[in-house]
2 protein chains.
Amino acid sequence: MKKVQLADREETILRSIIECHVKTARPVSSGAVVRHGPVSLSSATVRNVMRSLEDAGLIHQPHTSAGRVPTDAGYRHYVDHLMEPASLSERERVQIDEGLSQLSGGDLGTIVSGVSRLMSEFSKELAVTVAPATETQIIEQVKLVSLEGRRVLAVATTRAGMTRSAVVSTARWLGPEDLSTATALVTEWVSGESVGQAQDALREHLAELPVPVKNLVARLLAESSPIFHPRGDERIHYEGTRFILRHPEFSADASFLGEIFDNEDELADLVRNRAGDSGVTVTIGRENRRKEMKKMSLVVGSYRVGASLGQMGVIGPTRMKYPRLIGLVDYCSEALGEMLSGRGA
Amino acid sequence: MKKVQLADREETILRSIIECHVKTARPVSSGAVVRHGPVSLSSATVRNVMRSLEDAGLIHQPHTSAGRVPTDAGYRHYVDHLMEPASLSERERVQIDEGLSQLSGGDLGTIVSGVSRLMSEFSKELAVTVAPATETQIIEQVKLVSLEGRRVLAVATTRAGMTRSAVVSTARWLGPEDLSTATALVTEWVSGESVGQAQDALREHLAELPVPVKNLVARLLAESSPIFHPRGDERIHYEGTRFILRHPEFSADASFLGEIFDNEDELADLVRNRAGDSGVTVTIGRENRRKEMKKMSLVVGSYRVGASLGQMGVIGPTRMKYPRLIGLVDYCSEALGEMLSGRGA
DNA sequence: CCTTAGCACTCTCATCAGGAGAGTGCTAAG
DNA sequence: CTTAGCACTCTCCTGATGAGAGTGCTAAGG
């Protein structure tokens, strides 16, 4: 870890090593750099440079007389200084735009899963999409609609134009007038509150409600009802498992990948914590705290729905096509944000 | 494939081989059968029996001087004739009942994912749950509810007590009276029809609708709107990827597992086609047509929601604990069916 | 006729040695 | 500072060897 500042030539060679290794998945020799790279130097000179890159902790030698493999720090330097995001081709942009516009009518769950599908198809990696948390959104109104029998549908809409809903069964049958008074009262109490606060507000006023609907509202507050529960509809969707299992680095032992896919809450947290407010964030290997992500990189972007942020990203081995994936995530998150911003209006 | 009828002793030894192999994941030798099994015979005699079991195609020898491994046919014979489903312990039944009752308030999607989670936890295998197809269910009523702005929530309830919903944006704002006439008309046309037929019925009457709501109904019929689209809400949920990746048979090459997880539609079809109307169905290895399932077995059961069937099941290597898993799936599908049958009332 | 002890046989698996190949590090000359 | 040359190291592949496991066969015993 001697140098932080690298000479031009060192950077060129580091870039060459990384690009070659991303293609081949194997250690890169000094000879390979000479053959592939834009440097007109002998392999001996390249070896000298490699030595200093290794001292700087940017590349690593699995054993004597093997080529070099980029370290996490090497990829980090590459991502920060040595590459430009690759913009998508015109054709790809059109395909993504079309894919998104087909989704535009659906609800958030459909959109989230559709976006994952699109991104995994274009990245050939595992794609993850997290719907924006609605708990911080401000509730506009609540409607209680009688379905058949003793069941009632509750729908809350937020100022950002998202909906949350729940179906609950009540102990006894409720007439239309019961529901309309309940709708009016509940809306009065919770409108202007965030979804998170609404729960408290309702609990506070619960005693004031006429008996027939008290029971109904109590059920809406219950743990199992997602409508006012802060984490009720944190939806995450991932797609493209087949791609990740194909990478040669995981053919030997793929068991740790299982830990990533299960527990969707943790996966969602991982993606959410790693995303910034805007732009694309890259997390490489051990920069992730979770041990099962030590060999994985994460490229995430955010999209905005009203005041809330959702995230989308791609997960793959640290040996991934960063320029391509950063360009893809950037484009997709921009496009989705634009599409959704047209909604609240 | 000489014998179909097996002598008692052959069956005992086949059972012994299978149970031993399920535990160890390795070929079972004649000596191991003597040690483990309830037969008091010499290994030489066991070898003679093994020979005839092999002639019958029930076990297989990877190579000379290796032990025997059950074939798909061997497992089939075991499941059909040599085992009893293992009933769950009192403690386990209580845990499952509690887990289910916590889900009972939620909507179908929540229930489906919750059941998968429960089953994968108790089976230590990949668990899959398919929500019942609602397209054959009879619609009871449709409600159109105005949300904020130009957005309208449409909810259809079926006689079986399930709901389908969609949110659509309309071209212009619709007043309460527009919506109530539309609600009345649409309900009149589609109530008594199945979800599948409703689409046609609505299309037929579309011209009769007053102009302001015609546009709205047209959007409900659109491809992207799940409410009347036959396959709109076929929801499938799977859980427990981590378990499947742990099995030693997949540690060498897990890449084909990716094919199973992607394409949820195909996975849903697989489970649905393999389930009978009632009871638990077991599909072993090559009995599955899909090539990526050649080494996998499937234990599925059905649960009833009104006139429709949903499915739940467990997927694992052919070397799985059939008695345990059949017992588990049986209990869970019964319990879920009972829970849901209380709904329509 | 079925069972079983004994034994030769076969196949796997782990280990080792040797050689080829790849790639490095060092050194000395340009 | 660059580079050609060379010795060195390490992996990987191959073939040989031996131990171990498990079988199949045969002949003796119930």
**Prompt:** Going by the angle between their ring planes, with limits at 30° and 60°, are A:H21 and A:Y75 parallel, tilted or perpendicular?
**Reply:**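 Tilted, since the angle between the ring planes falls between 30° and 60°.
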**CD-CG distance between B:E266 and B:N273, expressed to the nearest 0.5 angstrom** =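 Going from CD on B:E266 over to CG on B:N273, the span is 11.0 Å.
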Once side chain to side chain contact (heavy atoms under 4.5 Å, CB included) is applied, do any residues pair with [X], and if so which ones, sequence neighbours excluded?
{"X": "B:T71", "answer": "B:H60, B:A73"}
{"X": "B:V34", "answer": "B:S43, B:V46"}
{"X": "B:S40", "answer": "none"}
{"X": "B:P317", "answer": "B:E125, B:H247, B:E249, B:F250"}

**Message:** In this structure, how many angstroms lie between the P atom of D:dC8 and the CD atom of A:Q61, rounded?
**Reply:**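 Going from CD in A:Q61 over to P in D:dC8 covers 18 Å.
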**Message:** Test of understanding: with salt bridge (charged side-chain N to carboxylate O under 4.0 Å, His left out), list the residues that count as partners of B:E84, not counting sequence neighbours.
**Reply:**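 Scan of B:E84 (salt bridge (charged side-chain N to carboxylate O under 4.0 Å, His left out), adjacent residues dropped) gives none.
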**Prompt:** With sequence neighbours excluded, what pairs up with A:E292 under the salt bridge (charged side-chain N to carboxylate O under 4.0 Å, His left out) test?
**Reply:**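 For A:E292, the residues satisfying salt bridge (charged side-chain N to carboxylate O under 4.0 Å, His left out) (neighbours in sequence not counted) are A:R290.
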**Request:** Strictly below 4.0 Å, heavy-atom distances to any atom of DNA chain C: list the hits from residues 19-34 of chain B, or just say none.
**Result:**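 Result for residues 19-34 of chain B: none.
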**Message:** Can you list everything that forms a ring-ring contact (aromatic ring centres under 6.0 Å, His included) with A:F261? Sequence neighbours excluded, please.
**Reply:**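 So A:F261 forms a ring-ring contact (aromatic ring centres under 6.0 Å, His included) with A:Y238.
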**Message:** I'd like to know if B:E287 and B:R76 make a salt bridge, using a cut-off of under 4.0 Å between side-chain N and carboxylate O.
**Reply:**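 Looking at B:R76 together with B:E287, the answer is yes, because their closest N to O distance falls below 4.0 Å.
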**Message:** Check this for me, if you would: do B:R93 and B:E90 make a salt bridge, where the nitrogen-to-carboxylate-oxygen distance has to be below 4.0 angstrom?
**Reply:**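 So B:R93 pairs with B:E90 through a salt bridge.
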**Request:** Give every residue pair that meets the side-chain hydrogen bond (donor to acceptor under 3.5 Å, both in side chains) criterion with at least one member in residues 24-39 of chain B, sequence neighbours excluded.
**Result:**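 Checked against side-chain hydrogen bond (donor to acceptor under 3.5 Å, both in side chains) - neighbours excluded - the pairs reaching residues 24-39 of chain B are B:S16-B:H36, B:S30-B:R47.
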**Request:** Could you run through DNA chain C and flag its stems, i.e. three or more consecutive Watson-Crick or G-U pairs with both distances under 3.5 Å?
**Result:**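 So the stems come out as C:1-30 with D:1-30.
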**Request:** Examine D:dC25: is either OP1 or OP2 under 4.0 Å from a nitrogen or oxygen in the side chain of B:R51? Give yes or no.
**Result:**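 Checking D:dC25 against B:R51, a side-chain N or O does come within under 4.0 Å of OP1 or OP2.
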Give each protein N/O atom lying under 3.5 Å from an N/O atom of nucleotides 9-11 of chain D, with the pair distance.
residue : atom : partner : partner atom : Å
D:dT9   : O2   : A:S65   : OG           : 3.3
D:dC10  : O2   : A:S65   : OG           : 3.2

Protein-nucleotides 3-7 of chain D N/O pairs closer than 3.5 Å?
residue : atom : partner : partner atom : Å
D:dT3   : OP2  : A:S42   : N            : 3.3
D:dT3   : OP2  : A:T45   : OG1          : 2.7

